[in-house]
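In the text below, chain A, chain B and the rest are named by the order of the sequence lines, each starting its count at 1.
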Number of protein chains: 2
Amino acid sequence: MELNEKQTAAIFKAFCDENRIKILQLLIDGEKCACRLLEAMNITQPTLSHHMKTLLDSGIVNGRKEGKWMHYSISEEGLEKAQKYIDYLKGEV
Amino acid sequence: MELNEKQTAAIFKAFCDENRIKILQLLIDGEKCACRLLEAMNITQPTLSHHMKTLLDSGIVNGRKEGKWMHYSISEEGLEKAQKYIDYLKGEV
DNA sequence: AAAATATATTGACAAACTTCTATATGTAAT
DNA sequence: ATTACATATAGAAGTTTGTCAATATATTTT
């Protein structure tokens with residue numbers, strides 16, 4: 001494994017909050033803008049923004065700005081990193 | 001997915017702390033007792049005990065008591081659950 | 001029974017995290 | 001230019017988490 005403990009923990013921060021899990025679920029069927037995520041969740045706009053930042057930092061979510069909209073989607077690459085770490089723990093690497 | 005957001009977050013709690021990641025690394029090459037984990041880490045015994053409880057709760061680690069020793073090991077079953085969730089996010093389920 | 005050892009629990013404190021309101025920034029429409 | 005809309009940032013409050021020292025519990029050894 002090429003990552004240290006801090007970096008690994010940062011990746012998985014994406015998955016250890018209830019609301020972030022909910023956001024990830026919403027992104028499963030494809031890219032969504034922040035406003036659509038917001039209306040599907042029971043949190044304020046700044047709270048969503050904060051979680052999106054955490055998700056971007058973790059690398060599990062991609063962001064794409066288009067005009068005044070911010071579009072978010074699940075990052076295959078990010079998921080693969082997480083997956084690789086779990087494989088590593090399974091002794092499969 | 002048969003798990004709710006809270007349960008899913010609980011599983012991944014295992015991976016979102018630096019020290020817990022370190023503990024998991026130590027368990028990769030097999031079961032270890034708490035005392036051996038302790039001497040490999042830079043934390044006090046109660047802190048280790050606290051993290052082991054979190055890891056047990058997450059289902060990622062198994063515990064086995066033998067005399068006065070507590071032996072911990074990585075749970076294949078727990079890892080599989082985590083893995084399945086990530087597969088799910090990838091749209092592979 | 002007493003001492004020694006391994007681990008867990010309690011309680012306190014500090015750091016980190018989640019959430020909010022208020023406000024700022026950036027973009028598009030009038 | 002002004003207004004409207006989408007998102008981000010700042011700052012504060014409350015909550016959770018990580019950590020430790022002190023103590024309790026459980027097991028083994030003497």
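Each of B:L55, B:I28, B:D29 was checked for a side-chain contact (heavy atoms from CB on, under 4.5 Å) with B:I74, and the lone residue meeting it is B:I28.
Straight-line distance from the NZ atom of B:K53 to the P atom of C:dA6: 23 Å, rounded to whole Å. Spacing between atom CG of B:L37 and atom C1' of C:dA8 amounts to 15 Å, rounded to whole angstrom units. Rounding to whole angstrom units, CE of residue B:M70 and C1' of C:dA6 are separated by 11 Å. If you measure from atom CD of B:E18 to atom C1' of D:dG18, you get 12 Å, rounded to the nearest angstrom. One can place CG of B:L55 at 14 Å from C1' of D:dT17, the figure rounded to the nearest angstrom. The interatomic distance linking A:L38 (CG) with D:dC5 (C1') rounds to 13 Å, in whole Å. Counting to the nearest Å, the P atom of C:dA6 and the CZ atom of B:R64 are 16 Å from each other. The distance from atom NZ of B:K65 to atom P of D:dA26 is 8 Å, rounded to the nearest whole Å.
For A:T44, whose side chain is taken as the heavy atoms from C-beta onward, the closest listed nucleotide among C:dT21, D:dA26, D:dA8 is C:dT21. Here the nucleotide nearest the side chain of A:C35, chosen from D:dA6, D:dG18, C:dT27, is D:dA6. Listed candidates were C:dT18, D:dA26, C:dT5. Nearest to the side chain of B:K68 is C:dT5. In the set C:dT27, C:dT7, D:dA26, C:dT7 carries the atom at the smallest distance from any side-chain atom of B:Y72.
In summary, A:R64 and A:E66 engage in a salt bridge, as defined by a charged side-chain N under 4.0 Å from a carboxylate O. B:E5 has no carboxylate O lying under 4.0 Å from a charged side-chain N of A:R20, or vice versa, which leaves the two without a salt bridge.
Checking A:E66 against A:K13, the closest nucleotide of DNA chain C that is more toward the 5' end is the one next to A:K13. Residue order along DNA chain C, read from the 5' end via each residue's closest nucleotide, puts A:N19 first among A:P46 and A:N19. Annotation: of the two residues near DNA chain D, B:Q45 and B:H51, the 5′-most nearest-nucleotide partner is B:H51.
Put simply, B:R20 has a side-chain N or O that comes within less than 4.0 Å of OP1 or OP2 on D:dG18. Residue A:T47 places none of its side-chain N or O atoms closer than 4.0 Å to OP1 or OP2 of C:dT19.
Side-chain polar atoms of B:Q83 and B:Y88 form no donor-acceptor pair below 3.5 angstrom.
One distance of note links CD of B:E39 with NZ of B:K32; it measures 10.0 Å at 0.5 Å rounding.
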